[in-house]
Amino acid sequence: MEQGAEKGAFIVLEGIDGSGKSSQIDPLARRLASRGVRCLTTREPTGGPVGSLIRQIFTGRVNADNRVIAALYAADRIDHLVNQVDGVLQQIEQGVTVVSDRYYFSSYAYHSVDMDMDWVIQANSVSAGLLRPTVTIFLDVPVEEALERIRQNRVVREIFDQEDRLRQTRELYFKAFERLRDVENVAVVDGSGSREQVAERIWAAAAPYVLKEGK
């Protein structure tokens, strides 16, 4: 990066499955771009080799222990940050703002249903040490609403979509937010309502971290 050039921001959208975050990534990126912000969208699991294996596990094509899944996520996340093709760290160093669908809070919440949160946080400590989000925006929706969205929009039910798991996962998100409140910027946004209403709430949470005065 040229001397004096500014790094990009790292905005993460989080939420339980069915929260609607995936449909909000591109609108947020477009709105940032319209304000002159260079922007890139990405997601986890990634499309890389480790991320592809994770997706096969989720759809039942490959069987794996939950501890293996958690470790694979940690490995995929590191590659997401440091790979030489389109790694997030490289993009941010070049002044690009990256908007990601999920990051390590997803692991803290989803994987802590089956194992101790301390272990999950430690497993992701390399990623946390390399890059913490500028802001994590959590779309909070009732589990019943999330499940209805899943039923309407998906043919394959992933292993983490069961109702009890989603309830536990939502609770664990808030446990992780509270636990890390001194080192993380987290904005909880109401994910109910129309896409346009939710997009406005996300924009209100994200813009102060990215835009300069006058944009």
Side-chain angles (χ1 to χ4, degrees), residues 10-19 21-22 42-83 87-89 92 98-141 143 146-147 150 156-188 191:
F10 184 39
I11 303 170
V12 177
L13 295 193
E14 287 281 4
I16 61 173
D17 283 5
S19 63
K21 61 184 174 42
S22 298
T42 188
R43 66 173 181 167
E44 295 186 351
T46 71
V50 182
S52 296
L53 177 57
I54 292 171
R55 293 181 189 283
Q56 292 182 63
I57 292 170
F58 277 1
T59 56
R61 297 177 190 172
V62 177
N63 292 322
D65 184 88
N66 286 318
R67 291 163 292 190
V68 174
I69 296 172
L72 286 170
Y73 254 106
D76 186 48
R77 187 161 290 128
I78 294 170
D79 182 60
H80 194 195
L81 293 176
V82 305
N83 82 77
V88 171
L89 286 175
I92 289 174
V98 176
V99 183
S100 183
D101 181 348
R102 298 199 181 283
Y103 193 47
Y104 49 59
F105 270 111
S106 284
S107 285
Y108 299 166
Y110 277 86
H111 299 143
S112 295
V113 173
D114 302 297
M115 58 199 75
D116 186 76
M117 187 179 286
D118 287 336
W119 187 94
V120 182
I121 291 174
Q122 183 58 38
N124 286 276
S125 61
V126 172
S127 293
L130 288 169
L131 180 65
R132 292 191 185 275
T134 308
V135 60
T136 297
I137 300 172
F138 179 75
L139 298 190
D140 191 26
V141 298
V143 170
L147 286 169
I150 291 169
V156 178
R157 291 290 297 277
E158 295 180 347
I159 62 173
F160 288 145
D161 285 348
Q162 295 94 340
E163 182 173 354
D164 288 346
R165 288 193 69 95
L166 286 184
R167 291 190 186 282
Q168 293 178 70
T169 300
R170 180 182 177 277
E171 293 174 1
L172 286 163
Y173 263 116
F174 283 97
K175 179 179 178 181
F177 295 154
E178 175 63 21
R179 179 168 178 169
L180 297 168
R181 67 178 186 271
D182 293 335
V183 294
E184 301 280 356
N185 294 318
V186 176
V188 177

TODO: Would you tell me whether R132 and S127 have side-chain atoms, one donor and one acceptor, within less than 3.5 Å of each other?
DONE: no

Open item on the list: Could you tell me if E44 and S100 have a donor-acceptor pair between their side chains, going purely by distance under 3.5 Å?
Closed with: no

Atom of [X], atom of [Y] and distance for their closest heavy-atom approach:
X: A128; Y: Y104; answer: CA-CE2, 3.6 Å
X: I54; Y: P45; answer: CG2-CG, 3.6 Å
X: L172; Y: M117; answer: O-CE, 3.7 Å
X: S107; Y: N124; answer: CB-ND2, 3.8 Å
X: I150; Y: D17; answer: CD1-O, 3.6 Å
X: I16; Y: A146; answer: CD1-CB, 3.8 Å

Tell me whether [X] contacts the main-chain N or O of [Y] through its side chain, where contact means a donor paired with an acceptor under 3.5 Å.
X: R55; Y: S52; answer: no
X: D116; Y: S112; answer: no
X: E163; Y: L147; answer: no
X: D76; Y: L72; answer: no
X: T169; Y: R165; answer: yes
X: R167; Y: V143; answer: no
X: N185; Y: T136; answer: no
X: R67; Y: M115; answer: no

Open item on the list: Taking the basic N atoms (NZ, or NE/NH1/NH2) and the acidic carboxylate oxygens, is any pair closer than 4.0 Å for E178 and R181?
Closed with: yes

Open item on the list: I'd like to check the salt bridge (Lys or Arg N to Asp or Glu O under 4.0 Å) partners of R179; sequence neighbours left out, ordered by chain and number.
Closed with: D118

Open item on the list: Among residues at least two apart in sequence or on other chains, which ones pass salt bridge (Lys or Arg N to Asp or Glu O under 4.0 Å) with D101?
Closed with: K21

Distance check, rounded to the nearest 0.5 Å: [X] atom [atom1] versus [Y] atom [atom2]?
X: E184; Y: F177; atom1: CD; atom2: CZ; answer: 9.0 Å
X: H80; Y: L89; atom1: NE2; atom2: CG; answer: 10.0 Å
X: I57; Y: N63; atom1: CD1; atom2: CG; answer: 8.5 Å
X: Q168; Y: K175; atom1: CD; atom2: NZ; answer: 11.5 Å
X: D65; Y: D114; atom1: CG; atom2: CG; answer: 8.5 Å

Name the orientation class of the two ring planes belonging to [X] and [Y] (parallel below 30°, tilted from 30 to 60°, perpendicular beyond 60°).
X: Y173; Y: F138; answer: tilted
X: Y103; Y: F10; answer: perpendicular
X: F105; Y: Y108; answer: perpendicular

TODO: Show the numbers, then the answer: is there a side-chain contact (heavy atoms from CB on, under 4.5 Å) between S106 and E14?
DONE: CA-CA 7 Å; S106 284; E14 287 281 4; 2.5 Å; yes

TODO: Would you please test Q162 and D164 for side-chain contact (heavy atoms from CB on, under 4.5 Å) and show each step?
DONE: CA-CA 6 Å; Q162 295 94 340; D164 288 346; 5.7 Å; no

TODO: Before giving the answer on side-chain contact (heavy atoms from CB on, under 4.5 Å), spell out for V98 and I11 the whole-Å C-alpha distance, their side-chain angles and the decisive distance to 0.1 Å.
DONE: CA-CA 6 Å; V98 176; I11 303 170; over 6 Å; no

- [ ] Not counting sequence neighbours, which residues clear side chain to side chain donor-acceptor pair (under 3.5 Å) with R170? List them please.
- [x] D140

TODO: Could you check if a side-chain atom of V82 sits within less than 4.5 angstrom of a side-chain atom of L130, using non-hydrogen atoms only?
DONE: yes

- [ ] For Y110 and N66, run side chain to side chain donor-acceptor pair (under 3.5 Å): C-alpha distance rounded to whole Å, both residues' side-chain angles, the deciding distance at 0.1 Å, then the answer.
- [x] CA-CA 10 Å; Y110 277 86; N66 286 318; over 6 Å; no

TODO: Report the C-alpha separation of V135 and I137 in whole Å, then their side-chain angles, then the decisive distance to 0.1 Å, and conclude whether the side-chain contact (heavy atoms from CB on, under 4.5 Å) test is met.
DONE: CA-CA 6 Å; V135 60; I137 300 172; 4.3 Å; yes

